[in-house]
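See structure below.
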There are 2 protein chains.
Amino acid sequence: MVHAPGEEERVTHVDEAALERLRTRLQTYMVEKGLRSTAQRRLIIDTFFEGAPHMTIEELLQQVRGVDRGIGYATVYRTLKLLAECGVASERRFGDGLSRYELADDASSHHDHLICLSCGKIIEFEEPQIEALQDAIAEKYGFLVTSHKHEMYGECADCQRTKKSAASEGADGMRDGA
Amino acid sequence: MVHAPGEEERVTHVDEAALERLRTRLQTYMVEKGLRSTAQRRLIIDTFFEGAPHMTIEELLQQVRGVDRGIGYATVYRTLKLLAECGVASERRFGDGLSRYELADDASSHHDHLICLSCGKIIEFEEPQIEALQDAIAEKYGFLVTSHKHEMYGECADCQRTKKSAASEGADGMRDGA
DNA sequence: GTAACTGCAAAATCTTTGCAGTTCA
DNA sequence: TGAACTGCAAAGATTTTGCAGTTAC
């Protein structure tokens with residue numbers, strides 16, 4: 001769980017029932033398509049379900065390699081692609097060039113992101129009024145929305161604080177530095 | 001201008017005064033940093049300022065090569081990076097793995113995007129109420145927002161219509177074809 | 001038994017960088 | 001003149017793919 005230390009933890013209370021639903025969906029999909037359950041897949045999938053909310057491929061790989069040293073990039077890529085295909089996971093990119101995956105919105109509720117460009121922290125938020133306005137806009141354009149992405153980039157409270165105290169350390173009793 | 005044919009064209013009325021401001025900002029930045037104005041840069045920059053709203057690097061390169069066959073990828077990349085550095089352009093990624101650039105928000109007004117996954121069309125929209133809600137959320141988390149991204153993915157009105165008529169063609173007496 | 005899966009390494013993309021020659025100021 | 005710029009090609013980074021061997025069903 002990578003959440004803002006001082007912040008109350010919003011939104012990421014994963015709903016157990018929804019998690020079960022996702023696992024069932026995956027199960028069904030795999031049976032339908034004649035896909036197999038291998039040790040590697042189980043490990044990757046479990047790690048993904050239980051791990052931090054916005055893991056990169058790299059992070060996930062490192063984590064599964066902690067259990068099974070021999071797992072390769074390709075298997076992780078292929079497995080996450082499988083999860084995305086059946087709607088259990090969504091791929092997200094936050095502009096740092098890395099792909100991250102998160103559980104589909106059924107499990108954690110509908111949410112969007114605040115991303116700190118200083119420390120990389122990702123905070124989730126939820127705002128029903130924004131969702132409502134979005135729907136209105138889509139309707140106005142006759143657009144059928146299947147997914148959306150709403151991200152705000154900037155500096156989190158902690159980093160602002162750190163920067164400010166670093167600045168005042170620099171000299172003496174002066175005020176805020178630019 | 002890549003806009004929905006039937007749609008009223010929103011937002012992309014570029015404000016000439018703002019455009020001038022951006023050119024001035026660029027000019028100032030280049031002088032400050034001791035950067036030079038070369039024929040290639042001028043061509044790329046003009047093409048970018050006058051071209052379609054969300055060009056990819058590839059598209060921009062093709063367009064400038066129409067004028068000067070010898071321009072290389074690296075120069076386009078470097079020039080757009082320069083524009084982004086001085087706040088004249090912003091890089092955007094819409095999930096197809098390509099970088100696109102658009103003029104900074106000073107020129108066209110604050111806006112966000114509807115992206116059609118069927119035909120790739122990008123529609124811009126503007127919704128002050130959403131901006132206001134965003135600000136409220138950022139404040140709640142003590143977050144200092146420097147930029148944001150709000151995208152809705154789905155199927156545009158045209159593509160829905162096309163798909164529907166394709167479906168009814170399959171059967172009997174259908175109506176309008178796209 | 002066989003079709004799906006795995007790991008590896010090679011390939012494919014997109015973007016950045018190093019270099020030698022060119023050009024703006 | 002000389003630092004900045006350009007084009008090319010090589011290098012990087014991330015993701016995908018081909019293949020030969022392995023394994024689930």
Side-chain angles (χ1 to χ4, degrees), chain A residues 26-48 54-86 89-101 120, chain B residues 26-48 54-86 89-101 120:
Chain A
L26 174 59
Q27 174 66 25
T28 308
Y29 182 84
M30 291 183 72
V31 171
E32 267 174 11
K33 297 265 180 178
L35 305 179
R36 292 173 186 174
S37 170
T38 65
Q40 294 93 327
R41 268 189 191 166
R42 285 191 298 271
L43 174 57
I44 293 166
I45 290 168
D46 289 347
T47 305
F48 173 70
H54 305 95
M55 268 194 287
T56 60
I57 299 277
E58 185 64 35
E59 287 163 355
L60 190 48
L61 180 68
Q62 291 317 319
Q63 212 163 319
V64 298
R65 280 198 174 158
V67 179
D68 175 347
R69 288 214 103 301
I71 289 188
Y73 273 94
T75 304
V76 175
Y77 273 105
R78 288 189 274 229
T79 303
L80 286 176
K81 209 171 175 186
L82 163 62
L83 291 180
E85 252 170 53
C86 66
S90 337
E91 191 181 343
R92 313 223 72 121
R93 293 181 185 246
F94 293 137
D96 54 3
L98 300 173
S99 291
R100 293 159 192 276
Y101 283 83
Chain B
L26 173 59
Q27 174 67 23
T28 308
Y29 182 84
M30 292 183 71
V31 171
E32 267 175 10
K33 297 265 179 178
L35 306 180
R36 290 171 189 175
S37 170
T38 64
Q40 294 92 329
R41 268 188 191 166
R42 283 191 299 271
L43 173 57
I44 294 168
I45 290 168
D46 289 348
T47 305
F48 173 70
H54 304 97
M55 268 192 287
T56 60
I57 300 277
E58 185 65 37
E59 287 163 356
L60 190 48
L61 180 68
Q62 292 317 319
Q63 212 163 318
V64 298
R65 279 197 175 160
V67 179
D68 176 346
R69 287 212 105 305
I71 288 187
Y73 273 95
T75 304
V76 175
Y77 273 105
R78 286 190 276 229
T79 303
L80 285 176
K81 209 170 175 189
L82 163 63
L83 291 179
E85 252 169 53
C86 67
S90 336
E91 191 181 343
R92 312 223 73 122
R93 293 179 186 245
F94 293 136
D96 54 4
L98 300 172
S99 291
R100 292 158 193 277
Y101 283 83

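Convention: sequence-line order gives letters A, B, ...; per-chain numbering from 1. Reckoned from all heavy atoms, side chains included, excluding hydrogens, waters and symmetry mates.
- The residue among B:E58 and A:M30 whose nearest nucleotide of DNA chain C lies closer to the 5′ end is A:M30.
- Side chain of A:I57, nearest nucleotide from D:dT15, D:dT6, D:dT23: D:dT15.
- Annotation for B:G72 and B:R65: closest pair CA-NH2, 3.8 Å, computed over non-hydrogen atoms.
- Distance CG (B:L82) to C1' (D:dA4): 12 Å, rounded to an integer number of Å.
- Between the C1' atom of D:dT16 and the CD atom of A:E91 lies a distance of 13 Å, rounded to the nearest Å.
- Of the side-chain N and O atoms in B:R36, none sit less than 4.0 angstrom from OP1 or OP2 of C:dT23.
- For A:R41 and C:dG7, the CZ to P distance is 11 Å, given to the nearest whole Å.
- Between B:T47 and B:M55, the closest heavy-atom pair is O-CE, 3.8 Å.
- The side chain of A:S99 contributes an N or O atom lying less than 4.0 Å from OP1 or OP2 of D:dT15.
- Of all the heavy atoms in A:L43 and A:V64, the pair that sits closest is CD2-O, 3.7 Å.
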Side-chain donor-acceptor pairs under 3.5 Å in residues 26-34 of chain B, sequence neighbours left out?
{"from": "B:T28", "atom 1": "OG1", "to": "B:T24", "atom 2": "O", "distance (Å)": "2.7"}
{"from": "B:Y29", "atom 1": "OH", "to": "B:E85", "atom 2": "OE1", "distance (Å)": "2.6"}

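- Using a 4.0 Å cutoff on non-hydrogen atoms, no part of residues 60-73 of chain A comes near DNA chain D.
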Q | side-chain hydrogen bond (donor to acceptor under 3.5 Å, both in side chains) between B:E59 and B:Q63, worked out | A | CA-CA 6 Å; B:E59 287 163 356; B:Q63 212 163 318; over 6 Å; no

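- For A:K81, taking side-chain heavy atoms from C-beta onward, the closest of the listed nucleotides C:dA25, D:dT17, D:dT6 is D:dT17.
- We find the CD1-CG distance between B:I44 and B:L80 to be 7.0 Å, quoted to the nearest 0.5 Å.
- OP1 or OP2 of C:dG7 has at least one side-chain nitrogen or oxygen of A:Q40 nearer than 4.0 Å.
- Which of C:dT15, D:dT6, D:dT15 sits closest to the side chain of B:R93 comes down to C:dT15.
- When every heavy atom of A:L35 is checked against every heavy atom of A:L82, the shortest pair comes out as CD1-CD1, 3.6 Å.
- Within the structure, a side-chain polar atom (N or O) of A:T38 is placed less than 4.0 Å from OP1 or OP2 of C:dT6.
- Note: CG (A:L98) to P (C:dC14) measures 17 Å, nearest angstrom.
- An OP1 or OP2 oxygen of C:dT15 is reached within less than 4.0 angstrom by a side-chain nitrogen or oxygen of B:Y77.
- Looking at heavy atoms from C-beta onward, A:L98 lies out of side-chain contact with A:I57 at the 4.5 angstrom threshold.
- The interatomic distance linking A:R42 (CZ) with C:dT6 (C1') rounds to 14 Å, in whole Å.
- Rounded to an integer number of Å, the gap from A:E32 CD to C:dA4 P is 15 Å.
- A distance-only check finds no donor-acceptor pair linking the side chain of B:R41 to the backbone of B:T79 [under 3.5 Å].
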Could you pull out the protein-nucleic contacts involving nucleotides 18-20 of chain D (nitrogen or oxygen on both sides, under 3.5 Å)?
none

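- Between B:L83 and B:F48 there is a side-chain heavy-atom pair separated by less than 4.5 Å.
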